[in-house]
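We use all heavy atoms of the structure for the numbers below, so side chains are in, but hydrogens, waters and symmetry mates are not.
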Amino acid sequence: MSLPKIYNPQEIEDKIYQTWEKSGFFRPNKSTNKNFSIAMPPPNATGELHLGHAVMLAIQDIMVRWQRMKGKAVLWLPGTDHAAIATQNKVEKILLAKTGQTRQAIGRTKFLESVNDFVSNSQHVIRGQVRKIGSSCDWSRERYTLDPGLSTAVKEVFVRMYQDGLIYRGNRIVNWCPRCMSTLADDEVEYKEETAKLYTFAYDKNCPIKISTTRPETKLGDTAIAVNPKDLRYKKFIGQIFNVDFLGQALTLKVIADNAVDIKFGTGALGVTPAHSLADFALAEKHELPVIKVIDENGRIIKGLGEFSELKVIEARKKIVAELKTKKLLISEDQCQHNLSICYRCATPIEPLTSRQWFVDVNKKIKIKNEKLKKTIGKKTASLKKLALGVVKAGEINIIPKRFNKIYFQWMENLRDWCISRQIWFGHPIPVYYCQKSNCQEIIVSRTPVSKCPKCGGTKLKQDPDTLDTWFSSGLWTFSTLGWPSETKNLKIKNKNNGILNDLERFHPTSVMETGYDILFFWVARMILMTTYALGEVPFKTVYLHGLVRDKEGRKMSKSLGNGIDPVKMIKKYGADAVRLSLIIGTTPGNDVRLYEEKIAAYRNFINKIWNIARYIIENEKSKTKNEKPQLKIKNLQHSDQWILYELEKLIKNVNHNLEHYHFSRAGEDIYDFIWHKLADWYIEAAKVEAVPHQQELLDYILKKCLVMLHPFVPFVTEEIWGIMNIEQGAIKNNLLMIEPWVEKIDFKITRAQAQNFVKIQEIITAIRNARAEQKLAPAEIINCLIDSRLENLIDENRGLIEKMAKIKILTKSDELKTFDQINLSHAKIYLEKITKLEPAKDTAQLEKYIQSLEARLNNPDFLAKAPKEVIAKEKTRLEEARARLTQ
RNA sequence: GGGCGUAUAGCUCAGCUGGUUAGAGCGCUGCGUUCACAUCGCAGAGGUCUCUGGUUCGAGUCCAGAUACGCCCACCA
């Protein structure tokens, strides 16, 4: 079998993935107490994967494969998120497009059926795509945020939190999306800057204080006028109550003083609308103002407000402005810039309104049950907020890059109670039942369905129609996926009988959470909050945040711009290995990545290079007979062998160091450089010339080490080559590279001095090549070289090698010059100088400059006095080396 | 209003705790293809590390300030 010249990933990748999956090595079967686990951030079950997913999968797969090769029991748990609102919206859209029906028209049960169909379809697509990129995750443990086990966990946490008084039902202001017909959490609100009209007016003719607003229609619900206590214009009114007639509606307005009011804005007086403004609601709570709701969940003015009743918000606004004008109450209409709040899922403007919802109290103190956690926090009681802050402050969780610590603290410190109920159909039902008996109305919070009211015995019970915020369930992801709470119940029995540990014990806390920084608040923070509460331990020890993938111009990839790159298409065209490298190399944590096709193509070329290096070594091996391959012995090593082994050892050290410190890009670059510019460009080229008996064995040895180190980065091509080598070498069993032990060191001890010989040979060859390029001499030119430098022996000894690699003929002093004609000889003379000096003239000048700077430093008494000894020593050797090179 | 990030070759980016003559990929220029690979090889050009100060024996790296771009949070009456 001869290998094709060009590596074709399309033919190979699927086959390799199947082999891996069938092997069972994706599962953490190894019995060892060294465990490593990652909970894969579950992609939304809404459709296809994008480059963001590809980045996360590539990075996580590197960690996972590396740890697996290091001999740990590795669990990488995949899954999908039901993504409540996002998924419901998408299915609603499809339904409308297909049948023209709304979800209300087909009803809850039927609608949920079609959502589930959509989800299982989408999950199927996602599974395929996650495989395409080479993810070595444990499919046997795949989870879905809505599957039964996770639902149990969700209910369990809800009930416990309720019992601890952390979950309450309250009538509070919420962010309401009139299109989704649901609440949104604070961080699910986005802002869009736009110019709005700022209306300044008086409520009626008798009211002495005028106010400014962009939303006149909400003023129907005003219950106060707020002014700054320092504002002299209004000081006399503070505490007064005005009964005004606002366009036919009677309002009772108390004048309150609050520092939050900006004296310079508008009239300096603020109409307080507690029911429809988050800030005003806070004012109302502080000053104990009544809350009057005037806009309903449909975005219409509520009934009973005269001519404005049931008008849409925009219409009401027009009408009110028009009436203010006719009644001459409107003073001015100004343009103003403001941020419109919009829904992060559908971009509809948010309507803040008061509503009866379920909340998680983040400030209420609870007892800490876990002893270790108590120590970490340093207190016996703490609020959810303080717990989540404390574990990060104590260093229980390490966030990479560090700067996100600060961002996390800021967010967490300012966190308000979390509204967790959503008025959508798709999601985890709220485990709350209401007794329908009018004189009872008991609220029952229960893990299991309730059919009888425990208080009155009534059987007319209704479950809360709402569902939970999707982040409530994804906040439990690291442990709900490992069997909590049911597995913990069996824990003791299992331990006593046979010492077997369950998944939760083995893999929680997970080792690393790798995700994009854009969901630090949505998800990472919530996981920390929920897990420290529920388990008394952190969900993960390290958080690695990657950047967002952008296009070549740095823009976000989006459908509307049409600048998106489809990872699946790229994998098809260039192979998964190339796509992985393009997403890893040249990136740093927390910083955005720009991706474009040329970059992927460049790494495709590298993959092909690896393939051809292997091809050369494999094909070469075949042409040799067994007895041509003697045992490799260290004393037989040539200069080039010593050099490449020395470099290999350096590489191994660097790669290990960089992987340990999450410098994936650096590790990848180092391997790239070694393979291409050391192994291929120099060593193999030299090996072609210096055909010595042990060469094949050494090439084989180096290639195998490289394949091991490359494997986490480019698993497909390396596994394929490994397999071919196994077959060629007559291995009985095809051992998979994916479980080959990781390289920690090499079996040869080479000193730097030994390695230097080949470095010098390289310099000689490069010098000759440079000289040739400058003189534009024909490649087959024969040159004589009068060697009288210290390199004579080295050149003499390696004459054949240098001649072949530099494509010249070296004639030493002793050789006769009879083969030259006059023209060649004149060229040769110019050459001669350069070659014997080793450096072209320009380089010599540079070198001299360098030596001067080194000398200046070493003559500086301050430097000698204050610099560390190692640095001085280093500089001295550098100077010696540089001087030696100059005299050569 | 509060906070954060980035600024290094034509382009995209590395450069770890300050210590070689500042690097890579792509692009560009010249030469080269029987002999692993043209998805290739060899050679080359290209940088006052945004600016101004400071700390230091020594600054791309640390500190302060300025400029430009970007992001997050809050507010938005």
Salt-bridge contact A:Lys197-A:Asp334 (side-chain N to carboxylate O under 4.0 Å):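 Salt bridge flag = no for A:Asp334 with A:Lys197.
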
message: Could you check whether A:Lys286 pairs with A:Asp258 (Lys NZ or Arg NE/NH1/NH2 to Asp/Glu carboxylate O, under 4.0 Å)?
response: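 Salt bridge: yes.
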
List in chain and number order the residues that pass side-chain contact (heavy atoms from CB on, under 4.5 Å) with [X], two or more places apart in sequence or in another chain; answer none if no residue qualifies.
X: A:Pro9; answer: A:Tyr7, A:Glu13
X: A:Asn612; answer: A:Asn608, A:Arg615
X: A:Lys688; answer: A:Tyr616, A:Ile684, A:Glu685
X: A:Lys804; answer: A:Val689

query: Could you run down nucleotides 1-8 of chain B 5' to 3' and tag each one B, S or - for protein heavy-atom contact under 4.0 Å?
result: --SSS---

Considering only atom [atom1], compute the distance from [N] to [M] and round it to an integer number of Å.
N: B:G10; M: B:C16; atom1: C1'; answer: 29 Å
N: B:A7; M: B:G15; atom1: C1'; answer: 15 Å
N: B:C42; M: B:G47; atom1: C1'; answer: 24 Å
N: B:U8; M: B:U61; atom1: C1'; answer: 12 Å
N: B:G70; M: B:G23; atom1: C1'; answer: 26 Å
N: B:C49; M: B:A22; atom1: C1'; answer: 8 Å
N: B:A14; M: B:C57; atom1: P; answer: 32 Å
N: B:C31; M: B:U52; atom1: C1'; answer: 47 Å

With sugar-phosphate meaning primed atoms plus P, OP1 and OP2, does [X] contact a base, only sugar-phosphate, or nothing at under 4.0 Å between heavy atoms?
X: A:Thr273; result: nothing
X: A:Gly586; result: sugar-phosphate
X: A:Phe521; result: sugar-phosphate
X: A:Ala865; result: nothing
X: A:Val261; result: base
X: A:His677; result: sugar-phosphate

Could you give the side-chain donor-acceptor pairs of residues 262-283 of chain A under 3.5 Å, partners two or more places apart or in another chain?
{"unit_1": "A:Asp262", "atom_1": "OD1", "unit_2": "A:Lys264", "atom_2": "N", "d": "3.0"}
{"unit_1": "A:Thr267", "atom_1": "OG1", "unit_2": "A:Lys210", "atom_2": "O", "d": "2.5"}
{"unit_1": "A:Thr267", "atom_1": "OG1", "unit_2": "A:Ala269", "atom_2": "N", "d": "3.3"}
{"unit_1": "A:Thr273", "atom_1": "OG1", "unit_2": "A:Lys219", "atom_2": "NZ", "d": "3.1"}
{"unit_1": "A:Thr273", "atom_1": "OG1", "unit_2": "A:Asp222", "atom_2": "OD1", "d": "2.5"}
{"unit_1": "A:His276", "atom_1": "ND1", "unit_2": "A:Pro352", "atom_2": "O", "d": "2.9"}
{"unit_1": "A:His276", "atom_1": "NE2", "unit_2": "A:Val294", "atom_2": "N", "d": "2.9"}
{"unit_1": "A:His276", "atom_1": "NE2", "unit_2": "A:Ile295", "atom_2": "N", "d": "3.1"}
{"unit_1": "A:Ser277", "atom_1": "OG", "unit_2": "A:Ala279", "atom_2": "N", "d": "3.4"}
{"unit_1": "A:Ser277", "atom_1": "OG", "unit_2": "A:Asp280", "atom_2": "N", "d": "3.2"}
{"unit_1": "A:Ser277", "atom_1": "OG", "unit_2": "A:Asp280", "atom_2": "OD1", "d": "3.4"}
{"unit_1": "A:Asp280", "atom_1": "OD2", "unit_2": "A:Thr273", "atom_2": "N", "d": "2.7"}

message: Can you pull out the residues from residues 593-605 of chain A that lie within a 4.0 Å heavy-atom distance of RNA chain B?
response: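 The answer is A:Arg594, A:Tyr596, A:Ala602, A:Arg604, A:Asn605.
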
Counterpart residues, side chain to side chain donor-acceptor pair (under 3.5 Å), relative to A:Asn654 (two or more places apart):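 Side chain to side chain donor-acceptor pair (under 3.5 Å) list for A:Asn654, sorted by chain: empty.
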
message: Restricting to side chain to side chain donor-acceptor pair (under 3.5 Å), what partner residues turn up for A:Asp231, sequence neighbours left out?
response: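 Scan of A:Asp231 (side chain to side chain donor-acceptor pair (under 3.5 Å), adjacent residues dropped) gives A:Arg233.
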
Residue A:Ala279, side-chain heavy atoms: nucleotide from B:C75, B:G41, B:G25 that is nearest: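 Comparing B:C75, B:G41, B:G25 against the side chain of A:Ala279, the answer is B:C75.
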
Given B:U21, B:A14, B:C37, the nucleotide with the shortest approach to the side chain of A:Thr588: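 Minimum distance to the A:Thr588 side chain belongs to B:A14.
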
What is the distance from [atom1] of [X] to [atom2] of [N], rounded to the nearest Å?
X: A:Ile6; N: B:C40; atom1: CD1; atom2: C1'; result: 10 Å
X: A:Lys573; N: B:U39; atom1: NZ; atom2: P; result: 14 Å
X: A:Glu669; N: B:C13; atom1: CD; atom2: C1'; result: 9 Å
X: A:Leu581; N: B:C13; atom1: CG; atom2: C1'; result: 15 Å
X: A:Lys688; N: B:C40; atom1: NZ; atom2: C1'; result: 10 Å

task: Using only heavy-atom distances, decide whether a donor-acceptor pair under 3.5 angstrom links the side-chain of A:Lys5 to the base of B:C37.
output: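 Checked by distance alone, the answer is no.
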
- prompt: When the nearest nucleotide of RNA chain B is assigned to A:His663 and to A:Leu270 on a heavy-atom basis, which residue is associated with the more 5' position?
  reply: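 Of the two residues, A:His663 wins.
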
query: Does A:Trp411 or A:Leu340 map to a spot on RNA chain B nearer the 5' end, using the closest nucleotide for each?
result: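 In this pair, the answer is A:Trp411.
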
message: Students often mix this up, so state it plainly: with edges at 30° and 60°, are the rings of A:Phe404 and A:Tyr517 parallel, tilted or perpendicular?
response: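 Rings of A:Phe404 and A:Tyr517: parallel, as their planes differ by under 30°.
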
Donor-acceptor pairs under 3.5 Å, side chain of residues 571-578 of chain A to any protein atom, not counting sequence neighbours: which ones?
{"unit_1": "A:Lys573", "atom_1": "NZ", "unit_2": "A:Glu597", "atom_2": "OE2", "d": "2.5"}
{"unit_1": "A:Tyr574", "atom_1": "OH", "unit_2": "A:Glu597", "atom_2": "OE2", "d": "2.8"}
{"unit_1": "A:Asp577", "atom_1": "OD1", "unit_2": "A:Phe716", "atom_2": "N", "d": "3.2"}
{"unit_1": "A:Asp577", "atom_1": "OD2", "unit_2": "A:Val717", "atom_2": "N", "d": "2.8"}

Would you mind writing out the side-chain donor-acceptor pairs for residues 856-874 of chain A within the sub-3.5 Å range, not counting sequence neighbours?
{"unit_1": "A:Arg857", "atom_1": "NH1", "unit_2": "A:Glu875", "atom_2": "OE2", "d": "2.3"}
{"unit_1": "A:Asn859", "atom_1": "ND2", "unit_2": "A:Glu855", "atom_2": "O", "d": "3.1"}
{"unit_1": "A:Asn860", "atom_1": "OD1", "unit_2": "A:Asp862", "atom_2": "N", "d": "2.9"}

message: Between A:His677 and A:Asp681, do the side chains contain a donor N or O and an acceptor N or O under 3.5 Å apart?
response: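 Per modelled atom types, A:Asp681 and A:His677 side chains form a pair under 3.5 Å.
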
Collect all protein-nucleotide pairs involving nucleotides 54-61 of chain B in which both atoms are nitrogen or oxygen and the distance is under 3.5 Å.
{"unit_1": "B:C57", "atom_1": "OP1", "unit_2": "A:Lys866", "atom_2": "NZ", "d": "2.2"}
{"unit_1": "B:C57", "atom_1": "O2'", "unit_2": "A:Asn860", "atom_2": "ND2", "d": "2.9"}

